[in-house]
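Report on one structure; see the data block that follows.
Counting starts at 1 for both ligands and their atoms, following the listed order. Note: hydrogens, waters and symmetry copies are ignored here, and every other heavy atom, side chains too, is used.
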Amino acid sequence: MYKIVGFPRTRAMRVIWLLEELGLPYEIDPQMPQSETIRSLNPSGRVPVLMDGKFVVSESVAICTYLADKHQQFTYPAGTGERALQDSFTQLAVDVLEGALWTAAKNTFVHPETLRVPEIKEVCKYEFQKGLEVLEIRLGDGPYVMGEQMTIADIIIGHCGGWAVFAKFDLPKSGAVYDYFKRLRDRPAYEKMVATLTND
Ligand SMILES: N[C@@H](CCC(=O)N[C@@H](CS)C(=O)NCC(=O)O)C(=O)O
């Protein structure tokens, strides 16, 4: 059985969501970042980490890519044009959406107070909006970024949407991007992932 090592209310949410979509059994060891256990598995001390037997992999996007490739679901095969476009959406999410959210978080509660630059949160919100504008243009007719087939790119983007609500970043209240985030939130696997957070 897969083991997710990491407190669920973190980027572990992406891995939990994907495993729920895949309908595969997993257990969660809710380690806090920088715990001794986490540092023994991932020198950066960051969560999540996935254990597949003795195989250990860190970085949520790499974990999701591994699982999707291994089970040949929620991804296009490597080396195809579709996969390149899917990866391009994933990178947009990580670079622009997550980049803005994570920079804001680091300057709000993650870094030591003396190192924080609270004013940067406004820049982050601006960058996040720019990312949403690009997403809206690239979304097309949907229902998912790659069309009919949901992929891990949607999981990474959808997770950033939920994170944005938590961080009090503005999200559209109607339109294509609103509908897209709602479609993702309404998925039973998303709801099952959210249920694991209440057990924190
Ligand atoms: N790029 C990594 C980022 C992991 C990460 O920074 N996780 C946060 C929690 S969401 C963490 O462990 N922070 C603690 C730290 O940076 O020391 C991923 O996607 O897994």
Could you list which atoms of ligand 1 come closer than 4.0 Å to a heavy atom of Pro48?
20 (O)
Modelled atom types, side-chain donor and acceptor of Glu20 and Tyr26, under 3.5 Å
yes
Distance check, rounded to the nearest 0.5 Å: Lys106 atom NZ versus Ile120 atom CD1?
9.5 Å
CD of Glu27: more than 12 outside heavy atoms within 6.0 angstrom?
yes
Looking at Gln34, which atoms of ligand 1 are within less than 4.0 Å of one of its heavy atoms?
15 (C), 17 (O)
closest protein heavy atom to atom 4 (C) of ligand 1 is Val47 O, 3.3 Å
Does Glu36 come within less than 4.0 Å of Arg39, counting only side-chain N to carboxylate O?
no
Out of Thr75, Thr151, Asp154, which residue meets the side chain to side chain donor-acceptor pair (under 3.5 Å) rule with Gln86?
Thr75
Can you confirm whether more than 12 heavy atoms, excluding those of Asp186, are under 6.0 Å from its CG atom?
yes
What residue and heavy atom of the protein are closest to atom 1 (N) of ligand 1, and at what distance?
Glu59 OE1, 2.6 Å
Considering non-hydrogen atoms of the protein only, which is the closest contact for atom 14 (C) of ligand 1, and what is the distance?
Pro33 CB, 3.4 Å
Is it the case that ligand 1 has an N or O less than 3.5 angstrom from some N or O of Ser60?
yes
Would one find more than 12 heavy atoms of other residues, nucleotides or ligands at under 6.0 Å from atom CZ of Phe55?
yes
For atom 5 (C) of ligand 1, the protein heavy atom that lies nearest, with its residue and separation:
Arg11 NH2, 3.4 Å
Taking atom 16 (O) of ligand 1 as the reference point, the nearest protein heavy atom with its distance:
Arg46 NE, 3.3 Å
I'd like to know whether ligand 1 has Trp102 as a neighbour, heavy-atom separation below 4.0 Å.
yes
